[in-house]
Amino acid sequence: MEFAFASHFDKRKKADALVIPFWKGNVHPEPAADQTLQNPLLNVALKTGDFKGKEGEILYLYLDGQPEKRVILVGLGPQQKLTVETLRKCYGGVTKSCLGKRLKELNVVLPQSAHLSDELIAEGVCEGVLLPNYIFDRLKHQNPEEAEDGSLLQKITFIGLDKEVLEIAEEIFAVCDGVYYARDLINGNADEVTPQYLVQCARGLEKEYAKIKTTVFDKKHIEKEKMGLLLAVNRGSSLDPAFIIMEYRGNPKSKDHTVMVGKGITYDTGGLNLKPTGGMETMKCDMSGAAACFGALLAVCHLGLKVNFTIVVPSTENSIDANSFKPGDVYTSHAGKTVEMMNSDAEGRLILADALSYAVQKLNPTRLIDIATLTGAIEISLGSEASGLMSNDDKLAEALMQAGEKTYERLWRMPLYEEYKDKLKSDIADIKSWNGRSASSCVAATFLRYFVDDSIPWAHLDIAGTAYVTEAKKYLPKYATGVGVRLIVELLKGLSK
Ligand code: BES
Ligand code: ZN
Ligand code: ZN
């Protein structure tokens, strides 16, 4: 994406469309646009009431004598109600309306408002324009004409506000690039995006960014590390597991160290507790936690954040096979605790447990976060409006909640009551992996808690309801959302200050 800036309305150059915002009641927020706005055709649209400036309203006009082929009016709703999220939604609607119409270059008028700082306005507009500017069509045959029509926006020229908007735009684009990276991994075929493919991605990123050090454990090394739960899940798969560690040292003098563990199940069939039809079709998304880790790391590299950040990705398929691990059997984890396997579909917590205990023992985290499409129940509880948050530390939970509000990748904190531990008592092993549907998101998090050290602040993010959506949402495209990338980058930005 290319960004440019025009200090004044009259100085703008040719483009495919001019985007002009309006408050509800058709008050236009950019006085410099007056000349264009006095165009009689535009006045017709306003006076007939065909366009009212309602939040998210969009109208295309075709006016003579403008440097742009079209004018897009976008309604922002009442000025006093303006939020960054309103801007994301409204400008996101503009991008969505452009995709598939051969529009590549936009002149975008930035609104001014006493209710929101210029910086926040620039952020909201940029995120709105950029987040939906994504199409996953690698696997679709298109005739050349369609391919041309379906292209993405390529250049945005901002009009109004300060030139600093360009810096903000570049920064937001850097983060969105991480979001697109995560989406591509999730949307890709599970038969392509395998544990070995994730290893290749890690190697690719390592090559590109000198600040990253990558370590990969192959199956033999995983056996040597005694990661018995990751190996158990891998038994049913014809592909080897992988364990990936990528360390970014942006502040070598500091001991502060955020470690993020991402669930990397490249496909979840459920194993012997095979998922039914209707439950399996979206399960290529079960490595969304891993994808969020990669995307966040990429964004952190782009931004050159002064933080120490390590991602850990345990990865395998959860397949069904004569060799699959058997519910009822007991396996020994990396931490040494034995686990009675209750349901082979509760595989995420198993691979996370080994990764968390490895992180605690070997990586010296000052805070530990795991991110995973862990439980179907979290979607029942929160839908796709928020991800679940469970934590042993109020300060970390609060920092994450705030990052969630800022990015609108919202979190909702759920309890880790001591009583949940009772549900994981086993007669034949140290703990069991699952105990039915009751409070299953919280019990899953409680299982993970057995593998972290309560002296280290730890948070668990359950993104099973937010990572992959079967309907396009506001400014998010259908399927992979890339959730977690913006959230974690926001948290890390806060830590680097
Ligand atoms: N990968 C699933 C969770 C999931 C569900 C992710 C829906 C995305 C969308 C996880 O491994 C799983 O199968 N969880 C089960 C656990 C239970 C049946 C043992 C669940 O929560 O339904
Ligand atoms: Zn599962
Ligand atoms: Zn799963």
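Just so you know, these numbers use all the heavy atoms, side chains as well, and skip hydrogens, waters and symmetry mates. Since this is a predicted model, take the numbers as computed values, not measurements. Atoms within a ligand are numbered from 1 in the order they appear, just like the ligands themselves.
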Participant: Can you name the atoms of ligand 1, numbered from 1 with element, that are less than 4.0 Å from a heavy atom of Thr375?
Facilitator: 21 (O)
Participant: Give a yes or no on whether Asp286 keeps an N, O or S atom under 2.8 Å from the Zn ion (ligand 3).
Facilitator: yes
Participant: Would you check the N or O atoms of Ala464, main chain and side chain alike, for any that come under 3.5 Å of an N or O of ligand 1?
Facilitator: no
Participant: Which of the atoms in ligand 1, numbered in the order shown and given with their element, are less than 4.0 Å from a heavy-atom of Lys263?
Facilitator: 1 (N), 10 (C), 11 (O)
Participant: Is Lys263 close enough to the Zn ion (ligand 3) to have an N, O or S atom under 2.8 Å?
Facilitator: yes
Participant: What part of Met287, side chain from CB on, backbone N/CA/C/O, both or neither, has a heavy atom under 4.0 Å from ligand 1?
Facilitator: neither
Participant: Which atoms of ligand 1 sit under 4.0 Å from any heavy atom of Asp286?
Facilitator: 1 (N)
Participant: Select the closest option to atom 8 (C) of ligand 1 among Arg349, Met283, Met280, judged by heavy-atom distance.
Facilitator: Met283
Participant: Go through ligand 1 atom by atom and flag the ones less than 4.0 Å from a non-hydrogen atom of Asp268.
Facilitator: 1 (N), 2 (C), 10 (C), 11 (O), 13 (O)
Participant: Please state which protein non-hydrogen atom is closest to atom 12 (C) of ligand 1 and give its distance, to 0.1 Å?
Facilitator: Asp345 O, 3.3 Å
Participant: Under a 4.0 Å threshold between the charged nitrogen and the carboxylate oxygen, would Asp422 count as salt-bridged to Lys425?
Facilitator: yes
Participant: Find all atoms of ligand 1 within a distance of less than 4.0 Å from any non-hydrogen atom belonging to Thr373, and give their numbers and elements.
Facilitator: 1 (N), 2 (C), 3 (C), 6 (C)
Participant: Only one of Glu85, Glu55, Glu385 clears salt bridge (charged side-chain N to carboxylate O under 4.0 Å, His left out) with Lys474; which?
Facilitator: Glu85
Participant: What's the shortest distance from atom 14 (N) of ligand 1 to any protein heavy atom, and which residue and atom give it?
Facilitator: Leu374 O, 3.5 Å
Participant: Looking at Arg486 and Glu127, does any basic side-chain N land under 4.0 Å from a carboxylate oxygen?
Facilitator: yes
Participant: Examine all N, O or S atoms of Asp268, backbone included, and report whether one is under 2.8 Å from the Zn ion (ligand 2).
Facilitator: yes
Participant: What pair of heavy atoms forms the shortest contact from Ala444 to Thr375, and how long is it?
Facilitator: CB-CG2, 3.7 Å
Participant: Could you check whether any side-chain N or O of Thr466 sits under 3.5 Å from a backbone N or O of Ala386, counting only pairs where one atom can act as donor and the other as acceptor?
Facilitator: no
Participant: Tell me, which N, O or S atom in Glu347 is closest to the Zn ion (ligand 2)?
Facilitator: OE1
Participant: Checking side-chain polar atoms at under 3.5 Å, does Thr266 have a donor or acceptor matched by the opposite partner on Lys284?
Facilitator: no
Participant: Might you point out which heavy atoms bring Lys493 and Leu303 nearest each other, and give the distance in Å?
Facilitator: CD-CD1, 4.4 Å
Participant: Which residue and non-hydrogen atom of the protein lie closest to atom 21 (O) of ligand 1, and at what distance in Å?
Facilitator: Gly376 N, 2.8 Å
Participant: Using a plain distance cutoff, I'd like to know if Trp434 has any nitrogen or oxygen under 3.5 Å from a nitrogen or oxygen of ligand 1.
Facilitator: no
Participant: With heavy-atom distances below 4.5 Å as the criterion, would you say the side chains of Thr83 and Arg88 are in contact?
Facilitator: no
Participant: Just checking, Lys337 and Phe451: is the charged tip under 6.0 Å from the six-membered ring centre and within 45° of the axis?
Facilitator: yes
Participant: Minimum heavy-atom separation for Val312 to Ala355, with atom names?
Facilitator: CG1-CB, 4.1 Å
Participant: Regarding ligand 1, does Asn343 bring an N or O atom to under 3.5 Å of one of the ligand's N or O atoms?
Facilitator: no
Participant: Is the terminal nitrogen or CZ of Arg183 (NZ for Lys, CZ for Arg) located under 6.0 angstrom from the six-membered ring centre of Tyr134 and within 45° of that ring's axis?
Facilitator: yes
Participant: Going by the order shown, which atoms of ligand 1 are within less than 4.0 Å of some heavy atom of Glu347?
Facilitator: 11 (O)
Participant: Under a 4.0 Å threshold between the charged nitrogen and the carboxylate oxygen, would Lys406 count as salt-bridged to Glu123?
Facilitator: yes
Participant: Under a heavy-atom criterion of less than 4.0 Å, does Lys275 contact ligand 1?
Facilitator: yes
Participant: Going by heavy atoms, is Met342 under 4.0 Å from ligand 1?
Facilitator: no
